[in-house]
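All of these numbers come straight from a predicted model, not from anything done at the bench. One-based numbering, in listed order, for ligands and for the atoms of each. All values below were derived from every heavy atom in this structure, side-chain atoms included, with hydrogens, water molecules and symmetry-related copies excluded.
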Amino acid sequence: MSAPKYHLTSYGCQMNKLDSELVESKLRQRGYQLAASEGEASVVLINTCSVRQHAEDRVWSKLGQLRMRKRTEPQLVVGVLGCMAQEHKQFMLARMPHVDLVVGPSAFGDIDQTVEQARIRNLELVSKQRPSLGKRKVLGAGVVAVDLGVSGDTIVRDVKVRPHRSQAFVSIMRGCNMPCTYCIVPTTRGEEISRPIADIVEEASRLCADGVTEMTLLGQTVNAYGRDLGTGVTLARLLRALHEIPALRRLAFITSHPNFLSADLIAAMAELPKLARYLHLPVQSGSNAVLKNMRRGYTVERYLARVEQLLLAAPDFVLHSDFIVGYPGETDADFAKTVALVLQVQFAQSYIFKYSPRPGTVAAELADDVPLAIKEARNQELLNVQEEITQRQHIALIGSTQEVLVEGPSQSDPLRLSGRTAHHRIVHFDGFSEDLVGRYVPVRIRAALGHSLLGDKLGETDAEQGVHDKVESVRV
Ligand code: SAH
Ligand code: SF4
Ligand code: F3S
C-alpha cells in the first residue's frame, strides 16, 4: 500500500510554525509523505492560533470547507492542532463531527501515533458502512489528545525537515507564566518549561552541521529562559554556549519581556558579535494606567530605563515592539502617550493589534468599551507613525553596505533576491542566482522602499571595504 499523504498548514506565530516542522518530522519518521497539494492529501492538518478572534475566524472558515470535502471523502482525516485545539476541544468534540483529531500543543510528542490511530479508525468505519450511506455519513470527532505533557520539545528533531537551507528556529522554552490580562497564550500553552541547555546545544549543533548558519531561539518570554530549571542557567549563558558553534554566524531570540532584560543579558548582547542586532521587546502601551490594567509588571519609565541601559552597552541594537490599541478603558490621552513613546524610542518595527477579547481571560470580564472605529483609527495612526520612522531609518541607510543573508527570490519580483541584515531589515537586490541563496553577501543600499531596502550586490573586493561601514548609525 502506498504511503499516506499529509498536508499541514500553520495559522499561528513562529512557535506554531516550528511546531508544524516538528510534527512533520514525526510523521515522516513514520513513513507519511508530504502531499503536493491539500487536495491530494488523505490527512489534512491545521495548526491553529487563538491569540485574536481574527486568527480563530480563519480556522473556523477553513473547517467549514473541510466539512464539505469530507461529505464526498469520508475516509479523509481532518486534524485540528495547536492552540485552538487546546482551547476549543470540548466544542470540537461535541459539535464538529467532521474533525477526526484534536491535538493540543502539549501532545505533539506523540502526534504520529495519534494521526495513525485516527486514520485506521476512519478506514475501518468507512469499510463497515453500507455503500448507499457511504457518501452521507460524516465520521470523526474521535481522537482527542491534549494535556499529555509531551510537547514538540520531546521530539528528537529531524534536522532535514526545515523550510530554509541556512535558517532555523529552535524552541528553548514552552508556555508562559505571565499574568497579562488580555492574553490566551498561558491557557493554550500552559506553564513555562525550559529545555535543558545540553539538549538545545545538541540540537543546534546538528542543525549547524547540516548547513544552518542563522538560528532564532523561540519562547513566549524567551529571556526568562531557565528560571524554572533552578540551576541558575540563563538566556545569557545559553547564548554564550551557542556562540561557540563555529558554523553559526547569526543568533537571534524572540520574544523578550521587559522585566527580564537583565544586566547579564545586556552584557552578553554587547559582547557577542554573532548576535543579530535587534531586540523584540514588546511594550504594548505607552500609558502607565493601561500597562497597570494589563498587569504587564512595569511602567513606561522602567521600560525606557532598561532600553537606555541596553543602548548604552550595545548602541548598534534596534528595537522592535508589539502594541495593543483599544484595550478596555484606553482613552485618547492614553493613546497619545503610546504615540509619544513610539516617537521617543524610534522602534525599527512595530506590530500593532486591535484589542480582541479572549473568553476566559481576565480582560474578557471587562466591557470591550473602545468602539471598533476608534480601534481602527488608532491602529492606523500608530502604523503611520511607525512607517514614517522606519522610512527615515531606511533613508539614513542609503549608501551604507549591509551584510545580507540571502533568503530567496523577492516576492514582488522573481528576478530579484531578498534577504535580511543583522538588524532584521529586508533588502532586495537585482540578479537572481540560486547559488547565492543561503549565503551572506555585501549589498550597498541605494534606495528606501518603505518596508524594505533596495541595493546592489558588491564584488569580493568591495565586500572587504564594506565591512567598515557595516554598522548602522540611524538611532538618534
Ligand atoms: N509572548 C509574546 C507574544 C505574545 S502574542 C509577548 O509577550 O510579547 C503576540 C502579541 O499579540 C502580543 O505581544 C500582543 O501585542 C498581541 N496580543 C495578545 N493578546 C491579544 C489580544 N487579546 N488582543 C489583541 N492583541 C493581542
Ligand atoms: Fe501573553 Fe503576556 Fe505571556 Fe506574552 S508574556 S505570552 S503577552 S501572557
Ligand atoms: Fe497563537 Fe498559540 Fe502562538 S495562540 S500566537 S499560536 S502560542
Q: Measure the distance from atom 24 (C) of ligand 1 to every protein heavy atom, then report the residue, atom name and distance (to 0.1 Å) of the closest one.
A: Lys354 O, 3.3 Å
Q: Do Met269 and Phe253 have side chains that get closer than 4.5 Å, going by heavy atoms?
A: yes
Q: How close do Phe323 and Ser285 get, counting heavy atoms only, and between which atoms?
A: CD2-N, 4.2 Å
Q: Side chain of Ser452, backbone of Val427: donor and acceptor closer than 3.5 Å?
A: no
Q: Regarding ligand 1, does Tyr182 bring an N or O atom to under 3.5 Å of one of the ligand's N or O atoms?
A: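 Between Tyr182 and ligand 1, an N or O pair is found under 3.5 Å apart.
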Q: Does Thr48 reach the main-chain N or O of Met84 with its side chain, forming a donor-acceptor pair under 3.5 Å?
A: yes
Q: At a cut-off of 2.8 Å, what protein N/O/S atoms sit near atom 2 (Fe) of ligand 2?
A: Cys180 SG
Q: Test of understanding: given a 4.0 Å heavy-atom threshold, classify the contact between Arg358 and ligand 1 as side chain, backbone, both, or neither.
A: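 It is the side chain that gets close, since no backbone atom is under 4.0 Å.
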Q: Spell out, as yes or no, whether a donor-acceptor pair under 3.5 Å connects the side chain of Lys26 to the backbone of Ile155.
A: no
Q: Around atom CZ of Arg69, are there more than 12 heavy atoms from other residues, nucleotides or ligands closer than 6.0 Å?
A: yes
Q: Donor-acceptor pair, Thr390 side chain versus Ala348 backbone, under 3.5 Å?
A: yes
Q: Nearest to atom 1 (Fe) of ligand 3, what protein heavy atom do you find, and at what distance?
A: Cys49 SG, 2.3 Å
Q: Tell me, which protein residue and heavy-atom name are nearest atom 2 (Fe) of ligand 3, and how many Å apart are they?
A: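 Checking every protein heavy atom, the shortest distance to atom 2 (Fe) of ligand 3 gives Cys83 SG, 2.3 Å.
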Q: Flag Thr221 as yes when one of its N or O atoms lies below 3.5 Å from any N or O atom of ligand 1, and as no otherwise.
A: no
Q: State, to 0.1 Å, how close Ser321 and Phe347 come at their nearest heavy-atom pair, and which atoms those are.
A: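 Minimum heavy-atom contact is CB-CE2, 3.6 Å.
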Q: Has Asp334 got a side-chain atom pairing as donor or acceptor with Thr331's backbone, closer than 3.5 angstrom?
A: yes
Q: Can a non-hydrogen atom of Arg189 be found less than 4.0 Å from any atom of ligand 3?
A: yes
Q: Taking 2.8 Å as the cut-off, does an N/O/S atom of Cys13 lie below it from atom 3 (Fe) of ligand 3?
A: yes
Q: Which residue and non-hydrogen atom of the protein lie closest to atom 3 (C) of ligand 1, and at what distance in Å?
A: Gln220 OE1, 3.6 Å
Q: Is the positively charged end of Arg58 above the ring of Tyr11, judged by distance under 6.0 angstrom from the centroid and angle within 45° of the axis?
A: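 No, Arg58 and Tyr11 do not form such a contact.
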Q: Report the distance from atom OG of Ser205 to atom CG of Leu242, rounding to the nearest 0.5 Å.
A: 7.5 Å
Q: Parallel, tilted or perpendicular, judged at 30° and 60°: which one describes the rings of His257 and Tyr298?
A: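 Perpendicular: the ring planes of His257 and Tyr298 meet at over 60°.
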Q: Any atoms of ligand 1 less than 4.0 Å from a non-hydrogen atom of Val51? List them with their elements.
A: 5 (S), 18 (C), 19 (N), 20 (C), 21 (C), 22 (N)
Q: Check each atom of ligand 3 against the heavy atoms of Asn16 and keep those under 4.0 Å away; list them by number with element.
A: 6 (S)
Q: Suppose we measure from atom 4 (S) of ligand 3 to each protein heavy atom; which comes out shortest, and what is that distance?
A: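 Answer, as residue, atom name and distance: Ser50 N, 3.3 Å.
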Q: Quick check against the 3.5 Å criterion: does His394 have a side-chain atom that pairs as donor or acceptor with the backbone of Gly450?
A: yes
Q: Donor-acceptor check, side chain of His423 to backbone of Asp316, threshold 3.5 angstrom: yes or no?
A: yes
Q: Which bit of Pro282 is near ligand 1, meaning a heavy atom under 4.0 Å away: side chain, backbone, both or neither?
A: side chain
Q: Quick check against the 3.5 Å criterion: does Asp19 have a side-chain atom that pairs as donor or acceptor with the backbone of Asn47?
A: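 Here the side-chain-to-backbone pair does not exist.
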Q: With heavy-atom distances below 4.0 Å as the criterion, list the atoms of ligand 1 near Tyr355.
A: 23 (N), 24 (C)
Q: May I ask you to identify the nearest protein heavy atom to atom 23 (N) of ligand 1, giving residue, atom name and distance to one decimal place in Å?
A: Ser356 N, 3.0 Å
Q: Could you tell me whether Lys89 atom NZ has more than 12 heavy atoms of other residues or ligands within 6.0 Å of it?
A: yes
Q: Quick check: are there more than 12 heavy atoms from other residues, nucleotides or ligands sitting under 6.0 Å from CD of Gln411?
A: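 12 or below, so no.
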Q: Would His280 count as a contact of ligand 1 if the rule is a heavy atom under 4.0 Å away?
A: no
Q: Using distance alone, decide if ligand 1 has a nitrogen or oxygen within less than 3.5 Å of any nitrogen or oxygen in Thr255.
A: no
Q: Should Gln284 be counted as touching ligand 1, given the test is an N or O pair under 3.5 Å?
A: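 N/O-N/O distance below 3.5 Å exists for this pair.
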Q: Could you establish whether Gln220 and ligand 3 come within less than 4.0 Å of each other, counting only heavy atoms on the residue side?
A: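 Yes, Gln220 has heavy atoms under 4.0 Å from ligand 3.
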Q: Closest non-hydrogen protein atom to atom 7 (S) of ligand 2, residue and atom name please, with distance?
A: Tyr182 OH, 3.4 Å
Q: In this structure, does ligand 1 have an atom that sits under 4.0 Å from one of the heavy atoms of Val185?
A: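 Per 4.0 Å heavy-atom rule, Val185 does not contact ligand 1.
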Q: Is there a heavy atom of His257 sitting under 4.0 angstrom from any atom of ligand 1?
A: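 His257 does not count as a contact of ligand 1 under the 4.0 Å cut-off.
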Q: Is there a donor-acceptor contact under 3.5 Å from the side chain of Thr361 to the main chain of Arg358?
A: yes
Q: For atom 10 (C) of ligand 1, what is the nearest protein heavy atom, given as residue, atom name and distance?
A: Asp322 OD2, 3.4 Å
Q: Starting from atom 25 (N) of ligand 1, which protein heavy atom do you reach first, and at what distance in Å?
A: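 It is Arg52 NH1, 3.4 Å.
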